[in-house]
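Worth saying up front: this structure is predicted, and the values here are computed from it rather than measured. The residues of the chain are indexed from 1 along the displayed sequence.
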Amino acid sequence: MKNRIIVGTILFAFLLSGTVFAQEKKQKVEAPQLTVEQKWKRAMSNLNAIFIASIAYAKSQGKSPSHYGKYMGELFATSWEGVKGVTDFIEAMHWNWQMWEDFQIEVLEESENFYKAKIKGIGEKYITEGSEAGVTLNEYYDCWEQLMMPITNYLGLEYKQKIEGDWIVFTVKEKK
């Protein structure tokens with residue numbers, strides 16, 4: 001009986017020691033410590049991936065990217081409450097545009113009631129660098145245009161855009 005207890009204890013200790021050794025050899029996952037800039041870049045990449053995936057999903061449901069853009073614009077238009085006139089709208093958009101690290105703008109013409117500029121670097125690189133979603137640059141631009149139209153319409157403004165090379169040339173003006 002004593003031998004069984006001793007042998008059982010030795011086997012039990014042996015089994016536990018193997019578990020302990022296995023635990024000692026197991027490495028811990030160490031999460032990287034990102035800088036604020038690295039976090040921002042990751043967030044932008046994820047935001048654009050979601051936007052592009054949403055366009056791809058709309059297409060898979062038989063809807064156009066323009067349809068999806070219009071839906072988003074209508075969904076978010078009321079959140080622009082309080083923005084008054086062309087100047088306020090463009091200033092608010094500057095808050096949004098500057099989130100993209102590649103954003104560029106050239107103002108072509110401006111007055112109190114009218115603004116014309118060209119922009120690029122609003123996420124297009126995510127289309128050109130990774131086409132696995134099947135979304136084209138033209139679809140991305142169409143979605144963007146249709147997103148802007150309900151918002152500006154809600155604000156009593158009119159938005160128009162055209163593509164010239166790799167720039168979006170757009171105008172915003174007060175409705176008459």
Side-chain angles (χ1 to χ4, degrees), residues 36-131 133-176:
V36 172
E37 184 175 330
Q38 288 170 319
K39 289 177 184 179
W40 188 254
K41 285 182 179 183
R42 175 60 63 179
M44 285 307 306
S45 177
N46 288 337
L47 174 67
N48 280 293
I50 290 167
F51 186 65
I52 293 165
S54 298
I55 294 171
Y57 177 74
K59 288 173 55 176
S60 77
Q61 299 300 303
K63 304 291 183 182
S64 69
S66 297
H67 182 269
Y68 175 68
K70 183 179 178 196
Y71 170 79
M72 279 198 324
E74 290 170 349
L75 182 66
F76 295 120
T78 58
S79 70
W80 286 78
E81 186 70 38
V83 173
K84 304 292 182 210
V86 172
T87 302
D88 276 4
F89 175 75
I90 295 299
E91 287 175 2
M93 283 306 300
H94 271 275
W95 280 89
N96 292 342
W97 288 326
Q98 290 184 48
M99 69 182 174
W100 284 292
E101 64 183 331
D102 300 330
F103 173 71
Q104 294 177 45
I105 186 167
E106 289 183 25
V107 179
L108 303 172
E109 187 180 338
E110 67 180 310
S111 69
E112 189 174 317
N113 302 342
F114 180 81
Y115 189 86
K116 181 176 183 179
K118 60 184 188 174
I119 60 173
K120 67 178 176 178
I122 59 164
E124 303 94 334
K125 77 176 185 178
Y126 295 96
I127 297 287
T128 57
E129 289 177 357
S131 61
V135 175
T136 68
L137 207 47
N138 283 337
E139 290 171 328
Y140 187 79
Y141 291 144
D142 288 346
C143 185
W144 176 264
E145 179 179 32
Q146 293 304 312
L147 167 69
M148 298 303 293
M149 292 173 74
I151 294 170
T152 53
N153 186 51
Y154 178 80
L155 298 173
L157 304 172
E158 182 180 302
Y159 177 89
K160 291 185 180 179
Q161 79 177 36
K162 62 182 176 176
I163 307 306
E164 291 183 3
D166 57 352
W167 293 88
I168 299 173
V169 178
F170 71 96
T171 60
V172 178
K173 64 181 184 178
E174 288 188 12
K175 285 185 177 179
K176 295 180 183 183

K.L.:
Below 4.5 Å, heavy atoms only, C-beta onward: do Leu47 and Trp100 meet side chain to side chain?
P.N.:
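The answer is no, as the side chains (C-beta and beyond) never meet within the 4.5 Å cut-off.
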K.L.:
So does Tyr141 get a backbone contact from the side chain of Gln161, meaning a donor-acceptor N/O pair under 3.5 Å?
P.N.:
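Yes; judged by distance alone, with no hydrogens or angles, the pair exists.
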K.L.:
Can you check whether Cys143's main-chain N or O pairs, donor with acceptor, with Gln146's side chain at less than 3.5 Å?
P.N.:
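Answer holds: no.
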K.L.:
When rounded to the nearest 0.5 angstrom, what distance separates NZ in Lys120 from CD1 in Ile122?
P.N.:
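Going from the NZ atom of Lys120 to the CD1 atom of Ile122 covers 12.0 Å.
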K.L.:
Within this structure, what is the NZ-CD1 distance for the pair Lys118 and Ile168, rounded to the nearest 0.5 Å?
P.N.:
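It is 12.5 Å, given to the nearest 0.5 Å.
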K.L.:
Asp166 versus Glu124: any side-chain heavy-atom pair under 4.5 Å?
P.N.:
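Of all side-chain heavy-atom pairs linking Glu124 with Asp166, none is under 4.5 Å.
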K.L.:
Is the number of heavy atoms from other residues, nucleotides or ligands under 6.0 Å of Glu112 CD greater than 12?
P.N.:
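No, the 6.0 Å shell around CD holds no more than 12 heavy atoms from other groups.
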K.L.:
Going through the checks in order, is the side-chain hydrogen bond (donor to acceptor under 3.5 Å, both in side chains) test met by Glu81 and Tyr154?
P.N.:
CA-CA 9 Å; Glu81 186 70 38; Tyr154 178 80; 2.4 Å; yes
K.L.:
Tell me, do Met99 and Met44 make a side-chain contact under 4.5 Å, heavy atoms counted?
P.N.:
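Yes. Closest side-chain heavy atoms under 4.5 Å.
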K.L.:
Which heavy-atom pair separates Pro150 from Gly73 by the least distance, and what is that distance?
P.N.:
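Here Pro150 and Gly73 meet closest at CB-C, 3.6 Å.
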K.L.:
OH of Tyr71: more than 12 outside heavy atoms within 6.0 angstrom?
P.N.:
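Open.
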K.L.:
Write down the atom of Gly123, the atom of Asn48, and the distance for their closest heavy-atom approach.
P.N.:
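The answer is CA-OD1, 3.7 Å.
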K.L.:
For the atom pair OG1 (Thr152) and OH (Tyr159), what is the distance rounded to the nearest 0.5 Å?
P.N.:
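Result: 8.5 Å between the selected atoms.
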K.L.:
How many angstroms lie between CH2 in Trp144 and CD1 in Ile119, if you round to the nearest 0.5 Å?
P.N.:
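So the gap between those two atoms works out to 5.5 Å.
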K.L.:
Could you give the side-chain donor-acceptor pairs of residues 50-60 under 3.5 Å, partners two or more places apart or in another chain?
P.N.:
residue: Ser54; atom: OG; partner: Ile50; partner atom: O; Å: 2.8
residue: Ser54; atom: OG; partner: Tyr68; partner atom: OH; Å: 3.4
residue: Lys59; atom: NZ; partner: Gly134; partner atom: O; Å: 2.5
residue: Lys59; atom: NZ; partner: Glu139; partner atom: OE1; Å: 2.9
residue: Lys59; atom: NZ; partner: Glu139; partner atom: OE2; Å: 3.1
residue: Ser60; atom: OG; partner: Tyr57; partner atom: O; Å: 2.6

K.L.:
How long is the gap from CG on Leu147 to CD on Glu74, to the nearest 0.5 Å?
P.N.:
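Output value for this atom pair is 10.5 Å.
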K.L.:
What I'd like to find out is whether the side chain of Glu101 reaches to under 4.5 Å of the side chain of Lys125, using heavy atoms alone.
P.N.:
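Yes, their side chains come closer than 4.5 Å.
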K.L.:
Out of curiosity, Glu106 CD to Trp167 CH2, how far, rounded to the nearest 0.5 Å?
P.N.:
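Interatomic distance, Glu106 CD to Trp167 CH2, rounded to 0.5 Å: 4.0 Å.
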K.L.:
With the side chain counted from C-beta on, respond yes when Ser45 and Tyr126 share a heavy-atom pair under 4.5 Å apart, and no when they do not.
P.N.:
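Yes, their side chains come closer than 4.5 Å.
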K.L.:
Determine all donor-acceptor pairs shorter than 3.5 Å in which one atom belongs to a side chain in residues 85-94; sequence neighbours excluded.
P.N.:
residue: Asp88; atom: OD2; partner: Lys84; partner atom: N; Å: 3.2

